[in-house]
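Let me begin by presenting the structure, written as structure tokens, before commenting on it.
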Amino acid sequence: MIEITVNGEARRVEAPARTHLADVLREHCGLTGTHLGCEQGVCGACTVMVNGVPTRSCLLYAHEAAGMEVTTIEGLDEDPVAEALRAAFSKHHALQCGYCTPGMMMTARDIVTRLGAVDEDRIRDELAGNLCRCTGYRGIVRAIAEVAATRPAAAPLPKREVPLTPPPAPLAAPAATASADLPNRLTHSETLALSPDAAWAILSDPARIAACVPGMTLLRHEGEAVEGEFSVILGPFSARFAGAGTLTLDAGSRTGRLRGQGRDGANGAEGEVEWHLTPDGAGTTLQVELGWRLTGPLAQFSRPALLRGMVAALAGDFARNLERAARGEAPAARPGLWSLIRAWFRGLFAR
């Protein structure tokens with residue numbers, strides 16, 4: 001027996017433990033506005049809100065949503081933001097076949113309520129996980145931008161006291177995880193065209209470190225405690241992990257170590273990264289050691305063989321950004337899908 005709350009109504013469903021939330025919503029609750037497309041978390045058609053966070057219902061087992069609040073497209077009938085979005089979608093011809101529209105509306109509402117007025121590039125970035133084969137996205141982006149510019153007051157979605165993404169709280173170091181307990185390990189080295197002192201001046205500053213890591217945002221830093229977000233976008237796949245960690249720095253050995261954990265909806269991540277600088281002729285060798293564990297649907301991406309090339313590409317971009325920062329230049333743009341895939345294949349055939 002699975003007990004979930006959908007659109008403010010408690011539901012008791014008899015279904016196998018491995019039944020996905022999308023199937024429970026459609027087959028047991030009769031809420032067919034949630035559409036199933038790829039059933040692999042890529043297309044975004046099945047997006048619903050779980051405790052106010054857009055979530056792929058095809059990747060979440062229904063029993064994992066027990067004690068949480070699920071909101072489907074049917075639950076937004078009286079929502080002012082959704083009403084404004086429906087009018088804007090119609091005005092800008094932002095739908096054709098309509099199959100992607102329920103999931104698109106869920107993401108659009110999140111953009112408007114979370115970000116407010118933003119430019120079209122940011123909207124496209126946020127929509128990376130919702131695919132549409134009909135419109136070319138232009139009408140969708142214009143519709144969202146129009147509503148975001150006015151940001152109508154949103155009706156509160158049903159939400160319990162413990163959401164998936166809690167509000168900011170005083171920073172505290174996460175529970176320590178022994179290195180040996182992290183099942184995935186990876187070591188990578190990069191050569192920097194910088195002296196060890198110049199490189200350490202950046203790698204000892206949390207804000208400058210975050211600025212050099214593609215997709216990372218530092219939110220708070222107090223003593224050794226840090227809090228931030230890390231986002232990754234690979235074509236239609238996107239994830240944003242928010243979490244806290246402990247950063248320790250040793251200027252004598254030019255070594256830094258960050259341990260932390262975070263969540264993105266049903267997915268969890270915990271791990272550590274340690275970096276060390278050593279002189280290398282006129283430059284410096286940066287050695288990075290990673291250890292991590294993923295839980296939830298994204299655990300399938302934990303395999304080092306799959307990640308090695310992509311980590312190497314990101315580490316290379318990080319190293320080049322360090323050099324740019326030392327010259328006072330802005331970091332390079334975030335790497336795209338195809339550059340990461342090419343790096344993955346290069347790593348694959350190099351082994």
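Residues take their numbers from the sequence shown, with the count starting at 1. Just so it is clear, the values below take in all heavy atoms, side chains as well, and ignore hydrogens, waters and symmetry mates.
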Please say yes or no: joined through hydrophobic side-chain contacts below 4.5 Å, possibly via intermediate residues, are [X] and [Y] part of one cluster?
X      : Y      : value
Leu36  : Ile73  : no
Val13  : Leu60  : yes
Val288 : Ile209 : yes

* Tell me, yes or no, whether the heavy-atom count around Glu146 atom CD, taken from other residues, nucleotides or ligands under 6.0 Å, exceeds 12. =>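 More than 12 heavy atoms, drawn from other residues, nucleotides or ligands, come within 6.0 Å of this atom.
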
Heavy atoms only: give me the nearest [X]-[Y] pair and the separation to one decimal.
X      : Y      : result
Ala210 : Leu218 : CB-CB, 3.8 Å
His92  : Ala143 : CD2-CA, 3.7 Å
Leu76  : Ala82  : O-CB, 3.6 Å
Gly283 : Pro196 : O-CD, 4.1 Å
Leu192 : Ala319 : CD2-CB, 3.5 Å
Thr72  : Met106 : C-CE, 2.8 Å

* When you check the gap from the basic side-chain N to the acidic O, do Glu9 and Arg11 get nearer than 4.0 Å? ->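 Looking at Glu9 and Arg11, the cut-off is met.
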
* **Ionic contact status for Arg320 with Glu323, cut-off 4.0 Å** =>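 Counted as a salt bridge, because a side-chain N and a carboxylate O are separated by less than 4.0 Å.
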
* **Partner residues of Asp110 under the side-chain contact (heavy atoms from CB on, under 4.5 Å) criterion, sequence neighbours left out** =>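 By the side-chain contact (heavy atoms from CB on, under 4.5 Å) rule, Asp110 matches Met49, Pro54, Arg114.
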
* Asked: Of Ile144, Leu127, Ile140, Val112, which meets side-chain contact (heavy atoms from CB on, under 4.5 Å) against Thr107?
  ->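 With Thr107 as partner, Ile144, Leu127, Ile140, Val112 yield a single side-chain contact (heavy atoms from CB on, under 4.5 Å), made by Leu127.
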
Measuring from [X]:[atom1] to [Y]:[atom2], what's the distance to the nearest 0.5 Å?
X      : Y      : atom1 : atom2 : answer
Ile111 : Glu126 : CD1   : CD    : 5.5 Å
Met104 : Tyr137 : CE    : OH    : 6.0 Å
Arg208 : Ile202 : CZ    : CD1   : 4.5 Å
Asp250 : Ser204 : CG    : OG    : 11.5 Å
Glu64  : Ile4   : CD    : CD1   : 12.0 Å
Thr101 : Leu85  : OG1   : CG    : 11.5 Å

Using side chain to side chain donor-acceptor pair (under 3.5 Å) as the criterion, list what pairs up with [X], not counting sequence neighbours.
X      : result
Gln96  : none
Arg254 : Asp197
Thr255 : Ser253, His276
Thr34  : none

* Which pairs pass side chain to side chain donor-acceptor pair (under 3.5 Å) with one or both residues in residues 12-29, sequence neighbours excluded? ->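 Found Glu3-Arg12, Arg18-Tyr61.
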
* Does the pair Val24 and Cys29 meet the rule for a side-chain contact (heavy atoms from CB on, under 4.5 Å), with working shown? -> CA-CA 6 Å; Val24 165; Cys29 300; 4.3 Å; yes

Is there side-chain contact between [X] and [Y], with at least one heavy-atom pair below 4.5 Å?
X      : Y      : value
Phe230 : Val213 : yes
Thr5   : Glu69  : yes
Arg257 : Val273 : no
Leu219 : Glu229 : yes
Leu25  : Val70  : yes
Val48  : Thr71  : no
Leu131 : Cys100 : no
Leu258 : Trp275 : yes

* List the steps, then state whether side-chain contact (heavy atoms from CB on, under 4.5 Å) holds for His93 with Thr135. => CA-CA 8 Å; His93 308 289; Thr135 67; over 6 Å; no

